Amino acid sequence: MRLTVIGTGYLGATHAACMAELGHEVLGVDVDPEKIAALRAGRVPFYEPGLGELLVKHTESGRLRFTTSYEEAAAFGQVHFSCVGTPQRKGSDAADLTYVDTVIESLAPHLRGPALVVGKSTVPVGTADRLAARLAELAPAASAVELAWNPEFLREGFAVQDTLSPDRLVLGIRSAAAEARLREVYAPVIAAGTPVVTSDFPTAELVKTAANAFLATKISFINAMAELCETAGADVSVLAEAIGHDARIGNRFLRAGVGFGGGCLPKDIRAFAARAEELGTGRSLAFLREVDAINMRRRDRVVELARQLCGGSVHGHRVTVLGAAFKPDSDDIRDSPALNVAARLQLDGADVTVYDPKAMDSARKSYPLLGYALSAEEAVTRADVVLHLTEWREFAELDPHRLASLASHARIVDGRGTLDASRWAAAGWHVRVLGRPPAGVR
Ligand code: UDX
């Protein structure tokens with residue numbers, strides 16, 4: 001089938017390459033000529049494991065091409081996937097739908113024949129109904145043009161795997177023809193046993209926001225338990241393991257730490273709560289405000305621990321932050337807890353040095369005033385306190401003995417709970433782990 005994928009960020013670039021992998025002819029569309037030039041040359045403009053290989057494979061096979069022209073896209077595609085972002089609106093918790101609206105406004109006037117337009121972005125419930133009406137108004141072939149809503153659940157770092165073998169496909173459709181079309185697009189994925197859930201538009205939109213709200217709530221739940229553990233002298237990692245054995249609770253997404261960040265969970269729960277308020281049912285999602293607050297307090301806690309370890313103030317102390325990406329296997333620094341903590345400590349007068357295996361360029365661009373090192377060892381050299389805030393495997397494999405000899409003071413806050421605290425303590429480190437009693441005080 002001939003598909004277009006509009007918007008070539010994390011979601012769109014991955015979707016385009018994966019659709020080519022499924023055997024379709026794909027045209028990626030973006031208004032940013034630099035991004036398009038990079039993708040045409042087989043270069044992914046961000047770090048995502050496995051995506052580069054797929055992009056090269058299919059730009060070479062000729063199944064995947066890129067353009068900045070909506071006219072070309074409209075003439076080419078039988079199915080058009082809209083994969084643009086819905087960031088948080090400035091000065092508000094609501095989602096900014098400018099890009100989603102622009103796709104319809106730019107594409108629809110060129111649709112002169114049958115086409116299915118498929119929204120994949122995370123949007124406030126009610127958006128798809130509105131866009132369908134707009135599509136009908138603007139498309140010359142209106143009676144042959146239809147909208148569908150097919151939310152995307154991919155995780156950064158696993159984007160290719162999550163697209164080719166998703167947990168489920170959700171198809172928000174208004175006609176049997178639209179459903180049949182989408183089933184044809186995803187035929188190999190469905191044949192591999194992926195469950196398909198069909199629904200109306202509002203349900204499809206809500207599935208996505210509900211899933212993210214649940215995940216955020218699960219993380220904030222365990223982080224609230226971490227707060228209690230810190231006060232009561234208990235250990236949240238043991239608590240999480242023990243409650244996770246109950247299959248109804250499950251142990252995934254139950255890692256306490258400095259909390260969630262990234263381009264999705266924080267802004268999606270805010271937009272979800274804001275939308276509920278608009279709809280007059282704000283109380284239903286009022287708890288998401290608390291989920292957000294718990295999450296942000298974990299960042300405060302790391303700042304507080306850094307202060308304590310520096311004797312009451314970080315002013316004039318050298319602080320090393322290990323990690324800049326909002327999570328490992330990504331170079332995405334959007335709403336990164338690590339950089340948020342780093343910037344706050346710097347404002348408090350600390351001399352902050354950051355190291356991350358992949359996110360250095362984006363961190364430098366957004367936080368030019370922080371110090372940067374080219375390796376974990378360089379970053380830790382002469383540190384007064386080390387903060388481990390993104391759990392890259394590289395950090396778990398560091399040699400605490402060697403690092404103790406490089407640091408000015410061997411003190412570390414493990415904000416992700418993935419370092420072997422007893423090994424670090426045995427190497428002479430004063431270790432503080434969020435949600436756990438102190439170890440190795442010296
Ligand atoms: C998330 C959803 O998982 C995905 O389904 C949706 O499509 C987009 O948003 P992503 O933002 O890529 O994906 O990251 P995810 O792996 O979900 O992690 C989100 C944040 O939660 C990260 O900052 C991570 O460090 C944190 N996290 C995750 C925890 O703090 N504890 C956990 O147990 C799990």
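Both ligands and their constituent atoms are indexed starting at 1 by order of listing. Bear in mind that the values here come from a model prediction, so they are computed numbers and not experimental data. What you see below is based on every heavy atom in this structure, not just the backbone, and it leaves out hydrogens, waters and symmetry mates.
Of the protein's non-hydrogen atoms, N212 OD1, 3.7 Å is the one closest to atom 2 (C) of ligand 1. Of all protein heavy atoms, the one lying nearest to atom 14 (O) of ligand 1 is K327 NZ, 3.1 Å. Shortest contact from atom 28 (C) of ligand 1 to any protein heavy atom: I219 CD1, 3.5 Å. Among all protein heavy atoms, the one lying closest to atom 34 (C) of ligand 1 is R255 NH2, 3.4 Å. Taking atom 3 (O) of ligand 1 as the reference point, the nearest protein heavy-atom neighbour is R155 CG, 3.5 Å. F253 CZ, 3.1 Å is the protein heavy atom nearest to atom 17 (O) of ligand 1.
At least one N or O atom of G261, backbone or side chain, sits closer than 3.5 Å to an N or O atom of ligand 1. When only interatomic distances are considered, the shortest N/O to N/O separation between F153 and ligand 1 falls below 3.5 Å. The distance criterion of under 3.5 Å between nitrogen or oxygen atoms is not met by L265 with respect to ligand 1. Between L254 and ligand 1, at least one pair of N/O atoms sits closer than 3.5 Å.
Those atoms of ligand 1 with a heavy atom of R416 less than 4.0 angstrom away are 25 (O), 30 (O). Interface of L215 with ligand 1, defined as ligand atoms under 4.0 Å from a residue heavy atom, comprises 3 (O). Taking every non-hydrogen atom of E156 and a distance limit under 4.0 Å, the qualifying atoms of ligand 1 come out as 12 (O). Set against the non-hydrogen atoms of G259, the atoms of ligand 1 under 4.0 Å away are 23 (O), 30 (O). The F260 neighbourhood of ligand 1 comprises atoms 20 (C), 21 (O), 23 (O), 26 (C), with distances under 4.0 Å to a heavy atom of that residue. Here is the list of ligand 1 atoms found below 4.0 Å of a heavy atom in E152: 7 (O). Each of the following atoms of ligand 1 lies closer than 4.0 Å to a heavy atom of L154: 4 (C), 6 (C), 7 (O), 8 (C).
K327 contributes a side-chain N or O that, together with a main-chain N or O of E156, makes up a donor-acceptor pair within less than 3.5 Å. The closest donor-acceptor contact from the side chain of D384 to the backbone of R318 lies under 3.5 Å. Judged by distance alone, with hydrogens and angles left aside, the side-chain atoms of S121 form no donor-acceptor pair with the main-chain N or O of V123 at under 3.5 Å.
Both tests pass for R168 against the ring of F153: distance under 6.0 Å to the centre and angle within 45° of the axis. Annotation: cation-pi geometry not satisfied between R275 and F272 (NZ/CZ under 6.0 angstrom from ring centroid, within 45° of ring axis). With Y47 as the aromatic partner, K358 meets the cation-pi criteria of under 6.0 angstrom to the ring centre and within 45 degrees of the ring axis.
Salt bridge R63/E25: absent, no basic N to carboxylate O contact under 4.0 Å. Ion pairing of R301 with E230 is present here, as a side-chain N (NZ or NE/NH1/NH2) and a carboxylate O approach within less than 4.0 Å. With respect to D96 and K267, no salt bridge is recorded, no charged nitrogen being found less than 4.0 Å from a carboxylate O. Comment: D300 engages R344 in a salt bridge, judged by a side-chain N to carboxylate O separation of less than 4.0 angstrom.
In this structure the side chain of L131 never reaches within 4.5 angstrom of the side chain of L135, judged on heavy atoms.
Distances shorter than 4.0 angstrom occur between a heavy atom of K208 and an atom of ligand 1. Heavy atoms of G257 stay at 4.0 angstrom or farther from ligand 1. Look at C264 and you'll find a heavy atom under 4.0 Å from some atom of ligand 1.
Between Y372 and Y355, the ring centre distance reaches or exceeds 6.0 Å.
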